[in-house]
Amino acid sequence: MLDQSGSPTAEALHAPVLRWYDANARVLPWREPDAGAWAVMVSEFMLQQTPVSRVLPAYEAWLERWPKPVDLAVEPPGEAVRAWDRLGYPRRALRLHAAAQAIVERHGGDVPDDHAALLALPGVGTYTAAAIASFAFGQRHAVVDTNVRRVLARALTGVAQPTISPTAADQRLAVSALPADEPTAARWAVASMELGALVCTARTPRCGDCPIRSRCAWVLAGSPPYDGPPRRGQTYEGTDRQARGRLLAVLRAASGAVPKKTLDASWPDATQRDRALDGLVADGLVEPLGRNRYRLPS
DNA sequence: GATTCGTGGCA
DNA sequence: TTGCCAAGAAT
């Protein structure tokens, strides 16, 4: 089943991918039938740019401590930052805390099932709103993350793409590839994402295990490598990000206020260190106290 | 559209 | 060893 351009139609991919998912899906706690929308939401925040293996322990501890949005909402934001541990991008912890408060204030403490209401929450963008609506509430949305983007690009357009955030064109392609009926669309969303995570991977795709290899435009084209401009590799060593991480690690480990002198010991360059600390304060991740002391925000 | 924002595992 | 990559959002 091919369209005018010689690429397979999306409909031809649905059944084999859904069958593959039924047989190969990972068992993950946020996918359990009784997980609930809050569990899905917590997992989605944590999984933004952080691998599943590192999310699992933090996720379990988080839901044990804060089983409902209101449980988190009544805590100081600094507790969320502390519990975030080393997942990275700690502003996500702050946003999840703010989102929990918004859920209590605007939605009676229950994660909303409306896509627009989800999108209005702090830290919830196009992807996360669609993911919660689809995974937790079974709705029909294009859930376009880096996995889905890669799967559709290869299978339907036949090109390898660099790992960047999905574009408007990727979004349109995903919408056009969505099954018509709601429950099938919801299963397709999680199944196509799982295929990207386990088989159609970025570095070394396991095409031998792929349920749609016989229809994949990229495979049929000889698996051509990405030929566009090279991506700028993000260095980490010596950056402000690393400095911020060091400072925040000291504050997470402390129970209360920390003297600036203690923070100073965590990064050698004074100019960069102070810039990083100012940035953390500006982001609301650190609260300045009197007498040159700092702590996680209360 | 391009940047900024953590952290760690792995080929 | 080092660059790439991991369920993005906000600006």
Side-chain angles (χ1 to χ4, degrees), chain A residues 25-26 28-31 39-59 81 84-96 98-99 118-136 141-151 160-171 174 189-198 200-206 225-226 229-252 266-267 275-276 279-280 282-286:
Chain A
R26 290 169 292 182
L28 297 170
W30 46 86
R31 285 182 184 163
V40 171
M41 180 168 164
V42 170
S43 77
E44 290 304 333
F45 270 71
M46 291 184 169
L47 288 164
Q48 290 167 3
Q49 300 287 280
T50 303
V52 167
S53 60
R54 284 174 50 209
V55 162
L56 283 170
Y59 165 90
V81 174
W84 199 252
D85 198 37
R86 314 201 111 202
L87 290 180
Y89 295 147
R91 290 189 293 194
R92 290 182 292 166
L94 233 38
R95 290 173 185 150
L96 182 51
L118 287 165
L119 197 54
L121 296 173
V124 177
T126 306
Y127 162 77
T128 303
I132 296 170
S134 179
F135 301 162
H141 296 282
V143 183
V144 192
D145 75 327
T146 186
N147 291 304
V148 171
R149 173 176 190 269
R150 187 174 55 245
V151 168
Q161 292 186 328
T163 304
I164 59 171
S165 54
T167 64
D170 298 323
Q171 188 73 25
V190 68
S192 55
M193 187 177 306
E194 189 79 335
L195 185 66
L198 297 184
C200 192
T201 53
R203 233 170 311 194
T204 310
R206 303 168 58 191
Y226 170 67
R231 294 190 57 217
R232 280 186 47 207
Q234 51 171 28
T235 55
Y236 181 59
E237 199 67 25
T239 60
D240 282 15
R241 276 152 109 161
Q242 187 182 30
R244 287 167 56 108
R246 291 277 180 79
L247 293 168
L248 207 55
V250 172
L251 290 162
R252 274 198 313 265
S266 67
W267 195 259
R275 183 171 65 233
L280 288 170
D283 288 345
L285 284 163
V286 172

Exercise. Choosing from C:dC5, B:dG6, B:dC5, which nucleotide comes nearest the side chain of A:D240?
Worked result: B:dC5
Exercise. With a non-hydrogen cut-off below 4.0 angstrom, is A:L96 in contact with a base, only sugar-phosphate, or nothing?
Worked result: nothing
Exercise. In residues 122-130 of chain A, which ones come under 4.0 Å of DNA chain B, going by heavy atoms?
Worked result: none
Problem set entry | Nucleotide C:dG8, atom C1' - distance to CG of A:L118 in whole Å | 16 Å
Problem set entry | Phosphate OP1/OP2 of C:dA6: any A:T163 side-chain N/O under 4.0 Å | yes
Exercise. Taking C-beta and beyond as the side chain, do A:P29 and A:L56 meet within less than 4.5 Å on heavy atoms?
Worked result: yes
Problem set entry | 4.5 Å side-chain heavy-atom contact, A:V143 and A:V148 | no
Exercise. Do any pairs count as a salt bridge (Lys or Arg N to Asp or Glu O under 4.0 Å) and have a residue in residues 118-136 of chain A, sequence neighbours left out, and if so which ones?
Worked result: none
Exercise. When we call it a touch if two heavy atoms are under 4.0 Å apart, what does A:L87 touch: a base, just sugar-phosphate, or nothing?
Worked result: base
Seminar exercise, completed: Between CD of A:E237 and C1' of C:dT1 the distance, given in whole Å, is 13 Å
Problem set entry | Distance, rounded to the nearest Å, where A:M193 contributes CE and C:dA7 contributes C1' | 5 Å
Exercise. If you check every side-chain atom of A:R95, which of C:dA10, C:dA7, B:dG6 has the closest atom?
Worked result: C:dA10
Exercise. Which part of the nucleic acid does A:A202 contact within heavy-atom distance under 4.0 Å: base, sugar-phosphate only, or nothing?
Worked result: sugar-phosphate
Problem set entry | Euclidean distance, atom CG of residue A:N147 to atom P of C:dC4 [Å, nearest integer] | 19 Å
Exercise. In which ranges does DNA chain C form stems of 3 or more consecutive Watson-Crick or G-U pairs, distances under 3.5 Å?
Worked result: B:2-5 with C:8-11, B:7-11 with C:2-6
Problem set entry | Heavy-atom side-chain proximity of A:R149 to A:T163 below 4.5 angstrom | no
Problem set entry | Rounded P spacing from C:dC4 to B:dT3 in Å | 16 Å
Exercise. To the nearest angstrom, how far is A:R244 atom CZ from B:dT3 atom C1'?
Worked result: 13 Å
For this session: Taking the side chain as every heavy atom from C-beta outward, state whether A:T239 and A:Y236 have any pair of such atoms under 4.5 Å apart.
Result: yes
For this session: Would you kindly give the OH-to-C1' distance between A:Y89 and C:dT11, to the nearest whole Å?
Result: 15 Å
For this session: Using the P atoms only, state how far B:dG6 lies from C:dT11, rounded to an integer number of Å.
Result: 14 Å
Seminar exercise, completed: A:R244 meets the side chain to side chain donor-acceptor pair (under 3.5 Å) criterion, sequence neighbours left out, with A:D283
Seminar exercise, completed: Residue set satisfying salt bridge (Lys or Arg N to Asp or Glu O under 4.0 Å) with A:R86, at least two apart, ordered chain then number -> none
Problem set entry | N or O in side chain of A:Q49 less than 4.0 angstrom from C:dA6 OP1/OP2 | no
Problem set entry | Set of residues satisfying ring-ring contact (aromatic ring centres under 6.0 Å, His included) with respect to A:W30, sequence neighbours excluded | A:Y59
Problem set entry | For A:R246, side chain to side chain donor-acceptor pair (under 3.5 Å) partners two or more places apart | none
Exercise. In whole Å, what separates the P atom of B:dA11 from that of C:dA7?
Worked result: 15 Å
Seminar exercise, completed: Ranking B:dG6, C:dA7, C:dA6 by distance to the side chain of A:R150, first place goes to C:dA6
Seminar exercise, completed: Sorted by position of nearest nucleotide on DNA chain B, 5' first, the leading residue of A:T167 and A:P90 is A:T167
Seminar exercise, completed: The side chain to side chain donor-acceptor pair (under 3.5 Å) partners of A:R275 (sequence neighbours excluded) come to A:D240
Between protein and nucleic acid, restricted to nucleotides 8-11 of chain B and to nitrogen or oxygen atoms under 3.5 Å apart, what atom pairs and distances do you find?
residue: B:dG8; atom: OP1; partner: A:R86; partner atom: NH1; Å: 2.8
residue: B:dG8; atom: OP2; partner: A:R86; partner atom: NH1; Å: 3.3

Which donor-acceptor pairs under 3.5 Å do side chains of residues 123-135 of chain A form with protein atoms, sequence neighbours excluded?
residue: A:Y127; atom: OH; partner: A:E44; partner atom: OE1; Å: 2.8
residue: A:T128; atom: OG1; partner: A:Q48; partner atom: NE2; Å: 3.0

Seminar exercise, completed: The side chain to side chain donor-acceptor pair (under 3.5 Å) partners of A:S266 (sequence neighbours excluded) come to none
Exercise. Counting just side-chain N and O atoms, does A:R92 come under 4.0 Å of either OP1 or OP2 of B:dC5?
Worked result: no
Exercise. Can you tell me how far C1' of B:dG6 sits from CD of A:Q48, to the nearest Å?
Worked result: 13 Å
Problem set entry | Counterpart residues, salt bridge (Lys or Arg N to Asp or Glu O under 4.0 Å), relative to A:R26 (two or more places apart) | A:E194
For this session: Take the protein atom CG of A:L47 and the nucleotide atom P of B:dT7, then report the distance between them rounded to whole Å.
Result: 17 Å
Exercise. Reckon A:W30 touches a base, only the sugar-phosphate, or nothing at all at heavy-atom distances under 4.0 Å?
Worked result: base
Problem set entry | Donor-acceptor pair (no angle test) under 3.5 Å: A:T146 side chain, C:dG8 base | no
